[in-house]
Every structure is written in structure tokens, then in C-alpha cells.
Amino acid sequence: MSSISGKTKICGIIGDPIEHTMSPAMHNAAFGALDLDYIYLPFRVRREELKGAMNGMRALNIAGLNVTIPHKSDVIPLLNKLDPLAGRMGAVNTIVNEDGKLTGDNTDAPGFLRALRSKGVEPDGKKIVILGAGGAAKGISFILAGAGASLVILNRTLSRAEELASQIASYYGRKLTAMTLSEKNLKHTLDGADVLVNTTSVGMVPDVGQTPVPSGLLKPDMTVFDIVYNPRETRLLREAKAAGARTIDGLDMLVWQGALAFEKWTGREAPFEIMKGAAVKALGHER
Ligand code: ATR
């Protein structure tokens, strides 16, 4: 964004709270780099104002919005159209406005897949162990199963892992294993695993001394992906690196989800490295 004119297109993010978002930094850097006449703004929207915000998006002709906590599922009935993957996730993180018709999309799980592939890891035919069974695990598990991976889901609460495994099994018609997240089950499932994905909040600020996996179970031929991005290097990633494993951090997923949203709004290829640089800087300011 060089200067605002009568033609400037408006994008933004809605959520509550919103003060800590890194998305304005990423998107405004990208608009600037490509010299696009767009601006990206944060909007704090309370739950009870969500319907008004969607009508406001139409009335004010806001071109695109990201959606974050707590609105990702509540926004769905307020839209005109829904991408099938977002529908299956039950979560929308990106809205595109075409002449007042709002389409909901989800770039979180596709962002995860791009981050994985951009590091040279193709999930097709791989054994992937997923820790956690919350909202993030759901998107990631669906997209990995769709990409041909064989999955094992481990969660502290077994019933949630079983519920997620059965949803995926019934959608893809393929069996997958659900287990309690315990050292014994980790030892068993990590044997022969190609990729380990942590979607739990274990190791996130302020609990930076915690890890979901004992270091002795990490192996050099594994890829370890931790979707936590604060800190960027969690204890799990530090120990995985020390064990000789390939590591991918949560910032890559965050930046790819932003890059994919940017492409939906602008029709242009996102400048990934510029967006990542802006996100790294914004994360530094958070500390
Ligand atoms: P998100 O949308 O980020 O996935 P979530 O739906 O709240 O967030 O899910 C958080 C995940 O982290 C869950 O899998 C949770 O396990 P439970 O289903 O048993 O609650 C997991 N989690 C959170 N704290 C944990 C801890 N201390 N040990 C193990 N797992 C934990």
C-alpha cells in the first residue's frame, strides 16, 4: 500500500481478541511489494456483532476478510457460499466478497500442506502421526488423508481422537488408528513413522519447557512439524533437530495460510518470503 485513494480495496481480519494478529503486517507488506492498491486492517468484532459485521462487509464493499477465533464456525450460516473443504472442516478463515456475495473458504489446512510440500515432504503413502484432536488437528488430518497419507491420531482425551478418526474413516472409506497420547503409545507408533505433527498447545508460550514427546523417541529419518509458532523453536523442534530430524515450524503454516488467502483476493501469486519476513518481524515485536 503506497497511498490510499478512492480506488483502494479493503481487506482485513475479524476476531476477538485481535491485538496480537500478525496478518496486517504480512498482507500490507505483500500489497506493498506487488504495488497493489489494497490495504489490510484489523477489526475487533464481538460475537454478538458478527451478523452486523457480515452485512457491513457487503455494505462497505470490503473485498476480503480473514476470520479468526471465536468466529470461524459461527460465520458459516451468514455467508452466501461455502467451499466444500471449509464445509467439511466446519470452519472458515477466509471470505471473498464478489458483488455482495460472500464465499467462505479455509486456507489453514491447505497452508499446512503447502508448508510440508515446500520442505520437500510429499505425504502420499507416508505414515504420519498426529498429536491432538482439536480444530487444527481436524483440518490437518482431513487434508493429509486426502493427500494419501496413512494416519495415526493420538490425543490426551481418547474419545476426541476416536471421534476424529471415525469422521475421516467414514469420509474417505479408509481405516485409521486413534490412541491415547502416552509414552507407551508414542514409542509404538513413532517406530517407522515418516512425519510427526504436533497440533496440541504443549510447548507454546508460556509453557516453553514442555514437550509432548520424550526426546529419545525422535529419529533422524523423521520430519517433525510443530504448528505452534510462539516460540518458533519449541522444545520439541529443538530436540528433533538435535536428533537429526528435519523440522518445520508453525510460522511457515501461518504464512502459507495468509499467502493462499492473498491469492484468492488478488488473483496474484503471493510473495511468500516477503510475507514471512514481515511475520517474523511482527512476532519479534510481540515478545
Ligand atoms: P486447536 O483449534 O488449536 O486445535 P483445541 O481445539 O482447543 O485447539 O485443541 C487443543 C488440543 O491440544 C487438544 O487435542 C488437546 O487435548 P484434549 O482434547 O485432551 O483437550 C491438546 N492439549 C492441550 N493441552 C494439552 C496438554 N497439556 N497435554 C496434552 N494435550 C493437550
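In each ligand, atom 1 is the first atom listed, and ligand 1 is the first ligand listed.
- In this structure, Asp105 pairs ionically with Lys264, as a charged nitrogen and a carboxylate oxygen lie closer than 4.0 Å.
- A donor-acceptor contact under 3.5 angstrom links the side chains of Ser5 and Asp37, judged on distance only.
- Heavy-atom proximity to Arg160, at under 4.0 Å, picks out these atoms of ligand 1: 6 (O), 13 (C), 17 (P), 18 (O), 20 (O).
- Rounded to the nearest 0.5 Å, atoms CZ (Phe262) and CD (Gln257) are 13.5 Å apart.
- Between Arg114 and Asp252 there is no salt bridge, since no side-chain N of the basic residue sits under 4.0 Å from a carboxylate O of the acidic one.
- Here the protein heavy atom with the shortest distance to atom 27 (N) of ligand 1 is Arg156 NH1, 3.4 Å.
- Gly134 CA, 3.6 Å is the protein heavy atom nearest to atom 9 (O) of ligand 1.
- Classified by interplanar angle (parallel below 30°, tilted 30° to 60°, perpendicular above 60°), the ring pair Phe31/Tyr40 is tilted.
- Here the heavy atom of the protein found nearest to atom 19 (O) of ligand 1 is Thr157 OG1, 2.5 Å.
- Taking any N or O of Ala133, backbone or side chain, at least one lies under 3.5 Å from an N or O belonging to ligand 1.
- Remark: Glu183 CD is loosely packed, at most 12 non-hydrogen atoms of other residues, nucleotides or ligands lying under 6.0 Å away.
- What sits closest to atom 3 (O) of ligand 1 on the protein, heavy atoms only, is Ala136 CB, 4.1 Å.
- Considering backbone and side-chain atoms together, Ala137 places no N or O closer than 3.5 Å to any N or O of ligand 1.
- For atom 28 (N) of ligand 1, the closest heavy atom belonging to the protein is Val202 CG2, 3.4 Å.
- Between Phe272 and Trp256, the ring center distance clears the sub-6.0 Å criterion.
- Near Gly132, meaning under 4.0 Å from one of its heavy atoms, ligand 1 places the atoms 14 (O).
- Atom CD of Glu48 is surrounded by more than 12 heavy atoms from other residues, nucleotides or ligands within 6.0 Å.
- By the criterion of a heavy-atom distance under 4.0 Å, the side chain of Asn155, and not its backbone, is placed next to ligand 1.
- Taking hydrophobic clusters as Ile, Leu, Val, Met, Phe, Trp and Tyr residues chained together by side-chain heavy-atom distances below 4.5 Å, Val280 shares a cluster with Tyr229.
- The nearest non-hydrogen atom to atom 22 (N) of ligand 1, considering only Asp207, Leu181, Ile227, Thr200, comes from Thr200.
- Within 4.0 Å of atom 7 (O) of ligand 1, not a single protein heavy atom is present.
- Taking a cut-off of under 4.0 Å to the non-hydrogen atoms of Ser201, the atoms of ligand 1 that pass are 12 (O), 23 (C), 24 (N).
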